[in-house]
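Heads up: the structure comes next, in structure tokens.
Heavy-atom basis, side chains included; hydrogens, waters and symmetry copies ignored. Numbers here are sequence positions counted from 1. Predicted, not measured: the structure shown is a model, and the values here were computed from it.
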Amino acid sequence: MALEDIAAGIRTGLAGKTFDGSLKFDCGDDGVIVLSKGDATTLDRDTDCTLRLSADNLQKLLAGKLNPMTAVMMGKIKVSGDMGVAMKLSKLIG
């Protein structure tokens with residue numbers, strides 16, 4: 001699945017929810033998805049927090065098939081920046 005399709009699904013999921021701060025899913029050569037101000041885009045920019053992971057693991061994370069804390073401990077997700085923003089994400093997708 002292309003990141004633009006994943007971003008569209010995230011936009012739909014964000015409808016009616018609030019997310020303070022900005023967060024980037026960095027999928028390397030596959031591209032990025034940036035969550036900011038209630039929107040999801042594939043345009044790269046600086047964010048409060050960056051999660052580096054494969055596009056496959058991003059799909060699993062968003063589908064609830066990958067536990068975020070376990071993935072971080074196993075090195076499947078690398079977090080940089082404001083960890084508080086990353087913690088808010090778990091409430092959003094949980």
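Nearest approach of A86 to C49, heavy atoms of both residues: CB-SG, 3.8 Å. Taking each heavy atom of T50 and D26 in turn, the nearest pair found is CG2-CB, 3.9 Å. Taking both residues in full, the closest heavy atoms of K76 and L53 are given as O-CB, 3.5 Å, listed atom of the first, atom of the second, then distance.
With L23 as the fixed residue, the side chain to side chain contact (heavy atoms under 4.5 Å, CB included) test singles out one of D48, I33, V85, V34: V85. For the pairing with F25, the side chain to side chain contact (heavy atoms under 4.5 Å, CB included) check across T42, L35, L3 returns one residue only, L35.
M73 CE to I77 CD1: the interatomic distance, rounded to the nearest 0.5 Å, is 11.0 Å. A distance of 13.5 Å separates NZ in K60 from CG in N67, rounded to the nearest 0.5 Å. One finds the CD atom of E4 at 5.0 Å from the CZ atom of R11 (value rounded to the nearest 0.5 Å). K65 NZ to N57 CG: the interatomic distance, rounded to the nearest 0.5 Å, is 13.0 Å. Atoms CG and CG, from L61 and L51 in turn, are 7.5 Å apart once rounded to the nearest 0.5 Å. In this structure, R52 CZ and S80 OG are separated by 4.0 Å, a value rounded to the nearest 0.5 Å.
The 12-atom threshold is not exceeded at CG of D46, counting heavy atoms of other residues, nucleotides or ligands nearer than 6.0 Å.
Side-chain contact, S36 with R45: a donor N or O sits under 3.5 Å from an acceptor N or O.
Contact annotation: the side chain of Q59 approaches that of I6 to within less than 4.5 Å [non-hydrogen atoms, C-beta and beyond].
Under the 4.5 Å side-chain heavy-atom criterion for ILVMFWY residues, no single connected hydrophobic cluster contains both L58 and V32.
The backbone N or O of L66 sits nowhere less than 3.5 Å from a side-chain atom of T70 that would complete a donor-acceptor pair.
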